[in-house]
Protein chains: 2
Amino acid sequence: MPLPQTEAPGRLQAELMSRGLRMTRQRRIILSVVETAKQHLDASQILRKARKLDSQVDRVTVYRTLSLLKRHGLIDELDLMHMQGEKHFYERRPQRDHIHMACLRCGKISEFESNLFDRLKGQIQRDCQFHIVVTRLEVGGYCAQCRTASAA
Amino acid sequence: MPLPQTEAPGRLQAELMSRGLRMTRQRRIILSVVETAKQHLDASQILRKARKLDSQVDRVTVYRTLSLLKRHGLIDELDLMHMQGEKHFYERRPQRDHIHMACLRCGKISEFESNLFDRLKGQIQRDCQFHIVVTRLEVGGYCAQCRTASAA
DNA sequence: TTAAGTGCAAATATTTTGCTGTCAC
DNA sequence: GTGACAGCAAAATATTTGCACTTAA
């Protein structure tokens, strides 16, 4: 029986521990915030949510933990086309890469998986002899709703 | 007869003037730096090169001009997988979108055009009803040379 | 016990803004 | 002549670093 898409919480924590890293109170909190986020969060939002759970979490620890997770390939960093200043957003690395589409009018972020994208990555690896570690495909434009609204 | 790939310099300048924008001494210099760049430059590098041509160019003017060019869709902003801090890099918007590949070992940036990428964009527009204005596909990994070197 | 991790303060890096004076058209 | 633009200073934003203290293993 295949596992459901939404894995049990604590996966990030298990991954870090299996790599021999120390599981501190602060890390546990930050990991749970990242893991249960319903949208893409930036460092300040992660800090705020972490402090709701435990006021003793420092901004620097958030940055250091995000950097750790990124180094270990457990989260991906997004820019979302720089629509909200120069913030970076984070999400748990998905099982299958997806595309981020940012609506330049309403700001909505949508995600899209595509076989063509998977094939494109294969083509890059073959044709360029390039071993892919991480990809980021971001698209800026107008979503269905805003397209219609503009036309009206 | 089709135009050659490498257009005559001054194209950016012509584009801005045709949009009714003022062509100042500073803008002319910054545009020529961006236009003749042989690699992707960030704001500070553009400033430095501009000042070699005319010491009377301010950093703020570089930022304002880059922002103007971006708003008009004449240049694209790249992050190059944040390999060199949080700088942004700029390039004239190409006639055909390409992929940027950043080697995590040697730092080399390569570019790649692909029909699959063009088809993927078409798929996004159709399947998501999303009107694409700008795309950015960046890939981090290991280039052919560094792959070999690591294996050795 | 002890090396890894945290917090605090300060530094660094990048980009933006307010305002006054200048110049392209 | 006039409104768009440039320069300067200062602010805002985002992230990193040094160092002493704390804690997980």
Side-chain angles (χ1 to χ4, degrees), chain A residues 10 12-31 33-34 40-48 50-51 53-72 74-75 77-90, chain B residues 10 12-34 40-48 50-51 53-72 75 77-90:
Chain A
L12 284 180
Q13 185 174 322
E15 283 280 356
L16 280 189
M17 291 185 80
S18 77
R19 285 162 159 88
L21 289 154
R22 290 193 183 172
M23 194 45 50
T24 63
R25 182 172 44 80
Q26 292 90 332
R27 280 189 184 165
R28 239 189 306 271
I29 289 167
I30 294 167
L31 297 187
V33 168
V34 170
H40 307 111
L41 303 176
D42 69 12
S44 290
Q45 291 172 311
I46 292 169
L47 175 67
R48 202 174 322 128
R51 281 196 163 148
L53 300 173
D54 183 333
S55 59
Q56 273 287 97
V57 176
D58 194 81
R59 177 178 296 271
V60 174
T61 302
V62 170
Y63 279 112
R64 286 199 269 235
T65 303
L66 289 173
S67 159
L68 180 79
L69 291 168
K70 196 167 49 154
R71 265 200 316 284
H72 283 266
L74 299 174
I75 56 170
E77 188 175 56
L78 312 172
D79 295 284
L80 302 182
M81 295 315 276
H82 302 142
M83 288 205 314
Q84 318 187 34
E86 305 310 324
K87 288 178 173 62
H88 297 140
F89 299 87
Y90 300 89
Chain B
L12 283 180
Q13 186 174 321
E15 283 280 357
L16 281 188
M17 290 184 80
S18 78
R19 285 164 160 85
L21 289 154
R22 290 195 183 169
M23 194 44 51
T24 63
R25 181 172 44 79
Q26 292 91 332
R27 279 190 183 163
R28 239 188 306 271
I29 289 167
I30 295 168
L31 297 187
S32 80
V33 168
V34 171
H40 307 110
L41 303 176
D42 69 11
S44 290
Q45 292 172 310
I46 292 169
L47 175 66
R48 202 175 320 126
R51 281 195 164 151
L53 299 175
D54 183 335
S55 59
Q56 273 288 96
V57 177
D58 194 82
R59 178 179 294 273
V60 174
T61 302
V62 170
Y63 278 110
R64 285 199 269 234
T65 304
L66 289 173
S67 159
L68 180 78
L69 290 168
K70 196 167 49 154
R71 263 199 321 281
H72 284 266
I75 57 170
E77 188 175 55
L78 313 172
D79 296 284
L80 302 182
M81 293 318 274
H82 302 141
M83 287 205 315
Q84 317 187 36
E86 306 309 326
K87 289 177 171 63
H88 296 140
F89 298 87
Y90 299 89

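Fair warning: this is a prediction, and the values are worked out from it, not measured in the lab. Residue numbering restarts at 1 for every chain, and letters A, B, ... go by the order of the sequence lines.
Put simply, Thr24(B) has a side-chain N or O that comes within less than 4.0 Å of OP1 or OP2 on dA6(D). Taking side-chain N and O atoms only, Gln26(A) has no distance below 4.0 Å to OP1 or OP2 of dT22(D). Put simply, Thr61(A) has no side-chain N or O that comes within less than 4.0 Å of OP1 or OP2 on dT6(C).
In this entry the distance linking CG of Leu21(B) with P of dC25(C) reads 10 Å, nearest Å. In this entry the distance linking CG of Leu31(B) with C1' of dA24(C) reads 15 Å, nearest Å. In this structure, Leu68(B) atom CG and dT16(C) atom C1' are separated by 16 Å, rounded to whole Å. Taking atom NE2 of residue His82(A) and atom P of nucleotide dT14(C), one finds them 13 Å apart after rounding to whole Å. Rounded to a whole Å, the CG atom of Asp58(A) is 9 Å from the P atom of dA9(C).
Contacts of Arg27(A) with the nucleic acid, taken as non-hydrogen atoms under 4.0 Å apart, involve only primed sugar atoms and P, OP1 or OP2.
Checked by distance alone, Arg25(A) brings no side-chain donor or acceptor within 3.5 Å of a matching partner on the base of dG5(C).
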Show the distances under 3.5 angstrom between N or O atoms of the protein and N or O atoms of nucleotides 13-16 of chain D.
from    : atom 1 : to       : atom 2 : distance (Å)
dA14(D) : OP1    : Lys87(A) : NZ     : 2.9
dT15(D) : OP1    : His88(A) : ND1    : 2.8
dT15(D) : OP2    : Tyr63(A) : OH     : 2.8

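Side-chain contact of Glu77(A) with His82(B): a donor-acceptor pair under 3.5 Å is present, judged by distance alone. Under the 3.5 Å distance criterion, with hydrogens and angles disregarded, no donor-acceptor pair is assigned to the side chains of Ser32(B) and Arg28(B).
In this structure, the side chain of Ser67(A) does not engage the main chain of Tyr63(A) through any donor-acceptor pair within 3.5 Å. Side-chain N or O atoms of Arg59(B) include none that pairs as donor or acceptor with a backbone N or O of Ser44(B) at under 3.5 Å.
Annotation: side chain of Val34(B) is not in contact with side chain of Leu41(B) (no heavy-atom distance under 4.5 Å).
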